[in-house]
Amino acid sequence: MSESETPRFRYTAALANEIEPRWQAWWAEHGTFHAPNPSGDLADPAHPRAGAPKLHVQDMFPYPSGAGLHVGHPLGYIGTDSYTRYKRMAGYNVLHPMGFDAFGLPAEQYAVQTGTHPAVTTAANVERYKTQLRRLGLAYDDRRSFATTDPEYYRWTQWIFTQVFNSWYDEKIHKARPIPELIAEFEAGTRPTPEQPWSELSPVERRKLIDDHRLAYVSEAPVNWCPGLGTVLANEEVTPDGRSERGNYPVFQRSLKQWMMRITAYCDRLIEDLDTLDWPEPVKLMQRNWIGRSKGAHVDFPVGADTITVFTTRPDTLFGATYMVLAPEHELVDKITPAEWPAGTNRAWTGGHDDPGAAIAAYRALAAAKTDEERTESKEKTGVFTGAFATNPVNGKEIPVFIADYVLAGYGTGAIMAVPGQDERDWAFAEVFELPIIRTVKAPDGFEGAYTGEGPAINSDWLDGKGIAEAKAAMIAWLELHGHGRGATTYRLRDWLFSRQRYWGEPFPIVYDETGLPIALPDEMLPVVLPDVDDFSPRTFDPDDANSEPETPLSRKKDWVNVELDLGDGLKSYTRETNTMPQWAGSCWYELRYLDPKNEKELVGAENEAYWMGPARDGDSGGVDLYVGGVEHAVLHLLYARFWHKVLYDLGHVSSFEPFRKLFNQGYIQAYAFRDARGVIVPAEEVVERDGKWFYNDAPVTREYGKMGKSLKNVVTPDEMCEQYGADTFRVYEMAMGPLDVSRPWETRAVIGSQRFLQRVWRLVVDEETGALRTTDEPLEPAVRKHLHRTIAGVREDMDELRFNTAIAKLIELTNTLTPLPSASREAIEPLVLMTSPFAPHLAEELWRKLGHQDSLAYAGFPEADPAQLKAESITYPVQVNGKVRGRVEVTPEASESEVREAALAAVAEVIDGRTPKKVIVVAGRLVSVVI
RNA sequence: GCCCGGGUGGUGGAAUGGCAGACACGGCCGCCUUAAAAGCGGCUGCCUUACGAGGCGUGCGGGUUCGAGACCCGCCCCGGGCACCA
């Protein structure tokens, strides 16, 4: 494009790139987006929104990776920015902060490779992100920004850990309480101690007993230990064949002392409080499934002198239990297995072995050799008889006990009672092993296979005829009465493994004394600052040495590990905990710190927390008003954050019992990638389309669809878009291309449409040739005025529902109506500029200034529609005859139904052709339907 | 296999059970220009057309209704999640 021939004052990328940094600087200088707190150092009674209704909107904060942002990342940020700019103009005191989740593995791995300290990498990445976000004109209150790696921030992460450590869950009142109250109950004898009375316990025994009750506790837990890498790996980092994804070294399961968090204590509340939340149903469902509460019963089956306890959700089917299955790894297997097969053992049950011991050993070897995937994918049921029989407590029948890998050692009790009549897996197994099948729920006539539906009990003695729910309750009562079992609830959710053998994470505020028991450091010793180390590489071992001991990076820093502290009984030697916290820790509570980021005395001041996040009414959970992020965090992040929040609530530190009242999942922006004939990815930018086919350097290429990424050579960055079009155009395009929650492909060539729209808006105010103000004070034509007010009403409605794409479509329509008019009337243009400002804030500020306003429009009132202008002057009714539109009539809005009917029938008289309509339906304000 | 989303023009997408395809991209035509770009204006679901219009159209097959893209039943396809959860 030749610069000299473009009109001098046209809105171009060059002009946008002049306007945008100028307004960004102006906003920063004037603190335009500072939100006032009710109290503390961020209070500001003179602020235009001090004391106004509040709105707390938050994005899931990013991990600042070295690659920087691509155009998909800021989609949600621009959405919340547009929404909050609108709400701020509409009168709300808006809190919209942004921070950085900056602890994490990539920076540590980069450090291992290059020796660069993760703090250096992280700081550089945070700066880069900040620059990129600033360039987009996002209206954050920058005083409230932080990174989870800031010692002033993780001081409070550590403080929360000590709060969790110093509390226990009181099952009676379903609430966490401080540890001193537990000690008081033990001392007073109001709470029994398990073996000896409290007074007879030694100090160390007392500490162990208390430690067993803490919400944060040390336990042996299995981990994936990879000696070749010298690190413990997450499950995702282990390949299905049990090797490390990186380096392909063997990985061993071994147990290690680990910090755990007792999230299972909160299972019921985590499930039940979902009902109070305005979250997408699929996310709630995923959380419910993840927690996996099942109600049923534990039932005891005697086997000789031993007892196999099973968990079942269907105690009502106990009469149909015809065999039992233990997980191959179950501890009772060896005890109950006899030396010989019982007389008359079915050949099919023995696996062809001469005695049960050999059969079990062979089956275990077989199961162990299978990967988890093979074990779970195989549809065919395998297993082997143990040679033992158990007694079904309800009818005294002897039933055989098998081992089979379809029963998982890690779930429930690792043993099941098998009811083939009502369970598909048991049915399949029973068919293979020729086991009896007894139906205990009446199946519909002709039904084949396991019946899991509702029906009356049959073949069940005293349960016969009862429905499932009634039969369950009756059976549980019977089991409890006769001592054969008890009602029980089990959960799939496990306690949260909270320690990592890494460097780049929050150190634990924990030391150990000579007893080896943990002690939480007092508040005044926080933060425990992460020390510098010289070498970030873990110590590696012989890849096959399963018995090697993992060594954390911090454990090698002896002068840090060994400390002298006065914890109340004089200076003593202690050793520090050398694990660090997982990346989840910092993101588990950051929503609270934004409220009061500078508070050095408390995590968050009570008044500030109550104002921004407190419950709005009885029964309301409180929490962030709108939390926007991807569904990939549906379970872990959101569950952990809810758990911590509830602990803080129980201990009285916050007034809200949920962190996020409303959740919105934004979609993803994805992109096409292209491969040449060799299957090699080619740069997407240089691929051209001709007749529905794609070519790179004139050679045909194939197209695929997926995430943006370096390896697919299809990354488009916001920086490029800002250069080529300006941030405002980029923002408008992202918001206009579809609803926020829908994923869609990126298409750079379509961005031009948003630029054309902004150019037309600009041209309504500024003469492109002279730069003079074009806007006049002439009043609008009545029809245009009506269009304006319809637009205002529609845009407000769309904005409230986060339907930015349709709001922008309405603004474009208004603009296209105004563009050809002889006079650019201020009456329409000022509202148009204000309504465009949430999407294109720099352009709007610039035009607002040109229109003669001295201040930012950030606090100008959002236009309001005049109800009188929303009334239509006439209504056009389409007239359908047998479902097809055959004519239309225009009537006044006041026309009565019979008038509309008459007019409509007259309009289609020709089609009706003298016939008598069977039916005439007049839908007020909509249409007329004639049936003949 | 189970659970959750979703299938509408060449493309992204609009549409409280009431005129399907708003708005935008792309394409075609025109204005401006020596020319091109930018900008502006028009046309653009498919088929037929005597240019008035008519027929067919929201993954497929049924149904409810005066009326279905939307509601119900049965399938097909795509995307995401879970993995024998007793």
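So that the names make sense, note that chain A is the first sequence line, chain B the second, and so on, each numbered from 1.
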What distance, rounded to whole Å, do you find between the two [atom1] atoms, one in [N] and one in [M]?
N	M	atom1	value
B:U11	B:U64	C1'	35 Å
B:C77	B:G61	P	16 Å
B:A22	B:U8	P	16 Å
B:G79	B:C56	C1'	31 Å
B:C78	B:C84	C1'	27 Å
B:G9	B:A24	C1'	14 Å
B:C51	B:C60	P	34 Å
B:C43	B:A37	C1'	23 Å

Under the side chain to side chain donor-acceptor pair (under 3.5 Å) test, which residues partner [X], sequence neighbours left out?
X	value
A:Ser874	A:Glu890
A:Glu720	A:Thr717
A:Arg763	A:Glu768

Residues touching RNA chain B, which here means a heavy atom under 4.0 Å, drawn from [range]:
range	answer
residues 800-813 of chain A	A:Asn805, A:Thr806, A:Ala809, A:Ile812, A:Glu813
residues 310-326 of chain A	A:Phe311, A:Thr312, A:Thr313
residues 416-423 of chain A	A:Ile416
residues 732-742 of chain A	A:Met737, A:Pro739, A:Val742

Pairs under 3.5 Å (Watson-Crick or G-U), crossing ones as [ ], inter-strand ones as |: RNA chain B comes out as (((((((..(((.....[....)))((((((.......))))))((((....))))..(((((..]....))))))))))))....
Contact class for A:Thr490 (heavy atom, under 4.0 Å): base, sugar-phosphate, or nothing?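 Here A:Thr490 touches no strand at all.
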For A:Arg749, answer base if it contacts any base atom (sugar-phosphate contacts may also be present), sugar-phosphate if it contacts only those atoms, and nothing otherwise; contact means non-hydrogen atoms under 4.0 Å.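 A:Arg749: backbone/sugar contact only, no base atoms under 4.0 Å.
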Looking only at the side chain of A:Leu285 (C-beta and beyond, no hydrogens), which of the listed nucleotides B:G12, B:C82, B:C4 gets closest?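 Selected nucleotide: B:C4.
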Of the options B:G13, B:C85, B:U16, whose atoms approach the side-chain atoms of A:Arg744 most closely?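 Given the options B:G13, B:C85, B:U16, the side chain of A:Arg744 is closest to B:G13.
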Begin with the C-alpha distance, continue with both residues' side-chain angles, and end with the deciding distance and a verdict on side chain to side chain donor-acceptor pair (under 3.5 Å) for A:Thr806 and A:Asp798. CA-CA 7 Å; A:Thr806 50; A:Asp798 288 344; 3.1 Å; yes
Nucleotides 39-46 of chain B: which of its N/O atoms have a protein N/O under 3.5 Å away?
residue, atom, partner, partner atom, Å
B:G39, OP1, A:Arg756, NE, 3.3
B:G39, O3', A:Arg763, NH2, 3.3
B:C40, OP1, A:Arg763, NH2, 2.9

With the 90 degree cut-off around zero defining syn, does B:G9 come out syn or anti?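 That one's syn.
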Which label fits B:G52, syn or anti, where anti is any glycosidic angle not within 90° of 0?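 This nucleotide is in syn.
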Could you check A:Pro282 against A:Gly414 and say which one's nearest nucleotide on RNA chain B is further toward the 5' end?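 Upstream on the strand: A:Pro282.
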Using heavy atoms to find the nearest nucleotide of RNA chain B for A:Gly292 and A:Tyr672 separately, return the residue whose nucleotide is more 5′.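 Here A:Tyr672 is the residue nearer the 5' end.
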Protein-nucleic acid N or O pairs under 3.5 Å, nucleotides 31-34 of chain B:
none

In terms of ring plane angle, is the pair [X] and [Y] parallel, tilted or perpendicular, where the classes change at 30° and 60°?
X	Y	value
A:Phe429	A:Tyr406	tilted
A:Tyr11	A:Trp762	tilted
A:Tyr672	A:Tyr705	tilted

A:Glu747 CD to B:C25 C1': how many Å, rounded?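 In whole Å, B:C25 C1' and A:Glu747 CD are 6 Å from each other.
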Distance-only, no hydrogens or angles: does the A:Asp423 side chain make a donor-acceptor pair with backbone N or O of A:Ala418 under 3.5 Å?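 No; zero donor-acceptor contacts below 3.5 Å.
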Is the closest basic N to carboxylate O distance between A:Asp278 and A:Lys284 below 4.0 Å?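 Not counted as a salt bridge, because no side-chain N and carboxylate O are separated by less than 4.0 Å.
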B:C19 OP1/OP2 closer than 4.0 Å to side-chain N/O of A:Thr876: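 No, outside the criterion.
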Between the protein and nucleotides 66-73 of chain B, which nitrogen or oxygen pairs are less than 3.5 angstrom apart?
residue, atom, partner, partner atom, Å
B:C66, OP1, A:Lys919, NZ, 3.0
B:C66, O2, A:Ser929, OG, 2.8

Is there a side chain to side chain donor-acceptor pair (under 3.5 Å) between A:Gln422 and A:Thr440 once you walk through the steps? CA-CA 8 Å; A:Gln422 275 80 230; A:Thr440 57; 2.7 Å; yes
Partner set under salt bridge (charged side-chain N to carboxylate O under 4.0 Å, His left out) for A:Lys295, not counting sequence neighbours: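 Per chain and number, A:Lys295 pairs via salt bridge (charged side-chain N to carboxylate O under 4.0 Å, His left out) with no residue.
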